[in-house]
Amino acid sequence: MLASLVTLTAYAQTPAAAPGSPPKRILVLGDSLSAEYGLARGSGWVQLLQNRIDEQAPGHTVINSSISGETTIGGLSRLPALLAEHDPDIVILELGGNDALRGLQLGTTENNLRDMARAARAAGAQVIVVGMQIPPNYGRAYANRFQAAFGLVAEEEKAELVPFLLEGVATDPALFQADRIHPTAQAQPIMLDNVWPVLQPLL
């Protein structure tokens, strides 16, 4: 996966789910950034999300269906079965970085993200699109278009947007594993804090 953009901030305490409110299922469809690549089991941001929910809004369940190396093509092909199996209330789409690494057409990535958002909404789920950025050595114009694609899909499909999963991480080499691609365990709470303000209101 990619790495490309401050510090960890304390998150505000939020109340638990309102008494009697139905528990929600949150499906995370992502790549190695969400699949704990190179990390001890249970230390990735998705598991930290479940831990925070258990503390602050118990009852909701996080389902991590992320696979290292996943592209939007793979995510799109897997999503119908995941929707049928888990019937999620919220779908978090954390895909796209590997598309750029593999040189896939940006239009294909954008279309796949759009189709996934539409499929999730058609199944009755709210959608969160998680943005990614790529280094400028891919070409400034391409990098800008890639970054903008996530916001464009979110706006068109009435989805929520996390502007950049690696905000506060990407510019700090100390927060990456030896491959300089995958974030360390120390980076995972920062990644969670980038997602939480967008997800929490939906709970």
Inset, instruction - Please name the pair of heavy atoms, one in L39 and one in A185, separated by the smallest distance, quoted to 0.1 Å. - result: CD2-N, 3.4 Å
Inset, instruction - Identify the heavy atoms of M132 and F146 that sit nearest to each other, and give their distance. - result: O-CE2, 3.6 Å
Inset, instruction - Drop me the distance from I63's CD1 to I90's CD1, to the nearest 0.5 angstrom. - result: 11.0 Å
Inset, instruction - Please report the C-alpha distance between E157 and V127 in whole Å, then the side-chain angles of each, then the deciding distance to 0.1 Å, and finally whether the side-chain contact (heavy atoms from CB on, under 4.5 Å) criterion is met. - result: CA-CA 9 Å; E157 299 306 319; V127 178; over 6 Å; no
Legend entry - Interatomic distance, N64 atom CG to Q47 atom CD [nearest 0.5 angstrom]: 8.5 Å
Inset, instruction - Going by the side-chain hydrogen bond (donor to acceptor under 3.5 Å, both in side chains) test, name the single residue among D99, D31, N98 that passes it with T72. - result: D99
Inset, instruction - May I ask you to decide if A35's main-chain N or O and S66's side chain share a donor-acceptor pair within less than 3.5 Å? - result: no
Legend entry - Common cluster, L106/F164, ILVMFWY with side-chain heavy-atom separation under 4.5 Å: yes
Inset, instruction - Side-chain contact test, heavy atoms from C-beta onward, threshold under 4.5 Å: evaluate it for N194 versus W45 and give yes or no. - result: no
Legend entry - Backbone of H86 reached by a side-chain donor or acceptor of R25 within 3.5 Å: yes
Inset, instruction - Say whether, by atom type as modelled, one donor and one acceptor occur between the side chain of Q188 and the main chain of S43 under 3.5 angstrom. - result: no
Inset, instruction - Indicate yes or no: at least one non-hydrogen side-chain atom of L175 is less than 4.5 angstrom from one of I190. - result: yes
Legend entry - Interatomic spacing from CD in Q133 to CD in Q147 - rounded to 0.5 Å: 4.0 Å
Inset, instruction - Determine, using the 4.5 Å side-chain heavy-atom cutoff (strictly less than), whether L104 and L76 are members of one ILVMFWY cluster. - result: no
Inset, instruction - Evaluate the side-chain proximity of L202 to I128: yes if any heavy-atom separation is below 4.5 Å, no if none is. - result: yes
Inset, instruction - Only one of V195, V62, L33 passes side chain to side chain contact (heavy atoms under 4.5 Å, CB included) with V46; say which it is. - result: V62
Inset, instruction - Please report the closest heavy-atom contact between L29 and S65, naming both atoms and the distance. - result: CD1-O, 3.7 Å
Inset, instruction - Indicate yes or no: at least one non-hydrogen side-chain atom of E94 is less than 4.5 angstrom from one of M191. - result: no
Inset, instruction - Quick one: closest heavy-atom pair of L48 and P189, and the distance? - result: CD1-N, 3.8 Å
Legend entry - E36 (side chain) donor-acceptor with G42 (main chain) under 3.5 angstrom: yes
Inset, instruction - Please tell me if the side chains of W196 and I53 come closer than 4.5 Å, counting only heavy atoms from C-beta onward. - result: yes
Inset, instruction - Report yes if some heavy atom in the side chain of Q56 is under 4.5 Å from a heavy atom in the side chain of Q200; otherwise report no. - result: no
Legend entry - Heavy-atom pair with the smallest gap, counting every atom of A119 and L79: CB-CD2, 4.1 Å
Inset, instruction - Flag the pair P173 / R180 as yes when at least one side-chain heavy-atom distance between them is below 4.5 Å, and no otherwise. - result: no
Legend entry - Exercise: do N51 and E55 side chains pair donor with acceptor under 3.5 Å: no
Inset, instruction - Kindly compute the distance separating CG (N112) from CG (L95), expressed to the nearest 0.5 Å. - result: 9.5 Å
Inset, instruction - Measure the acute angle between the ring planes of Y142 and Y138, then classify it against the limits of 30° and 60° as parallel, tilted or perpendicular. - result: parallel
Legend entry - E155 atom CD, over 12 foreign heavy atoms within 6.0 Å: no
Inset, instruction - Flag yes if V153 and V198 sit in one hydrophobic cluster, no otherwise; membership is Ile, Leu, Val, Met, Phe, Trp, Tyr, and two members link when side-chain heavy atoms are under 4.5 Å apart. - result: yes
Inset, instruction - Nearest 0.5 Å please: distance from the OG1 atom of T61 over to the CD atom of Q50. - result: 6.0 Å
Legend entry - Side chain to side chain, L161 and F150, heavy atoms closer than 4.5 Å: yes
Legend entry - Separation between CG of L49 and CG of D54, rounded to the nearest 0.5 Å: 9.5 Å
Legend entry - Closest heavy-atom pair and its distance - R78, I67: CZ-CD1, 3.4 Å
Legend entry - Check: Q177 side chain, P183 main-chain N or O, donor-acceptor pair, under 3.5 Å: yes
